[in-house]
Amino acid sequence: MDKTSSFSIHEGKPIRCKAALCRKAGEALVIEEIQVAPPQAYEVRIKIICTSLCHTDVTFWKLDSGPLARFPRILGHESVGLVESIGEHVDRFKQGDVVLPVFHPCCEECKDCKSSKSNWCATYANDSISNTRRYGMVSRFKDSTGEDIHHFLFVSSFSEYTVVDIAHLVKISPDIPAEKAALLSCGVSTAGVGAAWKVANVEEGSTVAVFGLGAVGLAVAEGARLRGAAKIIGVDLNPDKFELGKKFGFTDFVNPTLCGEKKVSEVIKEMTGGGVDYSFECVGLPSLLSEAFISTRTGSGKTIMLGMGKHAAPISLGSFDLLSGRTICGSLFGGLKSKLDIPVLVDHYLKKVLHASIYLRDYIPDRFQREIKPTEPLAPSVWFINQKNLSSRRSLVISPSSHTSMAESVSAQTPSLSEQYHLEKEVKPVEVATTQAEVVESKEEESPPEEAVEDKSESPEVTSEEATPAATEEAPAAPEDNNEENTSDEVAEETPDEIKLVTAPADFRFPTTNQTRHCFTRYIEYHRCVAAKGDEAPECDKFSKFYRSLCPGEWVDKWNEQRENGTFPGPL
């Protein structure tokens, strides 16, 4: 699991990796190469090991209006990862730490964070619009054309790497399996187990009704079971969920379609002799919330709202029901203080106290996978675990075994594009051509047909489609035995019309083809132009602009080093 040696080479530099990018509301996610900037002060860059799909991701994916509808965007907020590098003023995290990014902040300094009454963070929690917690709309993501990519809930875990503020990070034990740990960052622990434990404070022997048996509802039942509830009633339209619900502590079930003329609240009151002590609404329907509220006991019943209503729809409750002693409240992040309470849940899981709720999600509707799935699978270094049967479908990423340890998760990952570049490989020195005539003659024999080669001296502008790897055709490669290299003096003798497009040789060791060759080509063009026209030549600016926007900094550093020591893998 020790990845610090490979991490250290990227410290303070951008990383090129893959991410599932949402370009437009409701459209399938697209796997693209992106650039992840190094962390700034109070930030940490993380290598994502495992990420899962939450209903909130789907909600924001469909959002097509308002200040929260921003695209392109990297979704995802349930995940676990490794610290790759840290910014200034970060003293509680180090390279290689296993961390859980969470969407709800905890600064540990404000009045609310220090209070035991709530888990609100007065310093940061009021801001849900920004990309980065302390830097506003400044983004740490860029696509291949240099355009900013928006963050999501300050996490954006549908990426091989992401940058997260320390207010959103929790250090956890590496002993918990990755696919289990990821679910602790939102649905299972926060909305479910946390709501029963922290918000409702369910007592031993009490009665509970759970409306909606999805991931959150099942986790609520687990939390109520752990608190010693005597009767836990599940309410759902899908009877297939009832059998699994027994494993999470449900004792009874109600299918609203089988209640005849009776309301669900009436059925529950008959089952419990006046109503349940606690009810949990886990769907996000105002009408269902009203039923959950009425199903509680008069005088003392408590309802916890966990589902988020569409478009923040208003809620209608009877004033007499409130005056008679029933209460209702919301639950943000399950009432948990992430940095204090999540390590407790991890410890409970490792001690086999918390078990049933840490599971691969079986009940996220199939339509979510059909709608939100990307056009191609993501690299195995990010795993998508929303359903056990996802491995048989085309989905965001690959589903691991439910028994995968954290160490196995790390070792199974493939390096990022930047890491692949830095893998130790032998680079053969390039022989220098003896004369300019030999170089010209060789190029005429080996160069591809003229119609396949673009003359950059006549077409100085490059369109956005040309700069995007997915939209370009593969540039022709020079033969593998191309050992000629133009010296600076030889290039200087050429006229501007003779500055031609030079592509990366076929044996140039990079993880991709189109992106690499676009980047490599612009880099070569720039230096050949400078050699021919001089350092201050405005004609060279276009090449400089394109290669600096396309090439990760570590690639450029390596090429500069190779040019100095004579091992540069291509003609200049």
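Every value quoted in this text rests on a predicted model; they were computed, and no experiment measured them. Below, all heavy atoms of this structure are taken into account, side chains as well, without hydrogens, waters or symmetry copies.
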Sub-6.0 Å ring centroid separation between F103 and F333: yes
Go through F141 and V36 one step at a time and tell me if the side-chain contact (heavy atoms from CB on, under 4.5 Å) criterion holds. CA-CA 5 Å; F141 303 122; V36 183; 3.9 Å; yes
Check side chain to side chain donor-acceptor pair (under 3.5 Å) between N201 and all other residues, then give those that pass, not counting sequence neighbours. R227
Applying side-chain hydrogen bond (donor to acceptor under 3.5 Å, both in side chains) between R45 and each of E11, H10, E84, report the one that passes. E84
4.5 Å side-chain heavy-atom contact, S185 and H77: no
Residues two or more places apart in sequence or in another chain: which of them pass ring pair (Phe, Tyr, Trp, His ring centres under 6.0 Å) with Y42? H89
Validation row: I304, S279 side chains within 4.5 angstrom (heavy atoms): no
Whether E147 and R23 form a salt bridge (side-chain N of Lys/Arg under 4.0 Å from carboxylate O of Asp/Glu) is what I want to check. yes
Are L285 and F211 packed together at the side-chain level, in the sense that at least one heavy-atom pair is separated by less than 4.5 angstrom? no
Taking the side chain as every heavy atom from C-beta outward, state whether L218 and F250 have any atom pair closer than 4.5 Å. yes
If you define the side chain from C-beta out and look only at heavy atoms, does anything of V99 sit under 4.5 Å from V164? no
Answer whether the closest heavy-atom distance between the side chains of H104 and W120 falls below 4.5 Å. yes
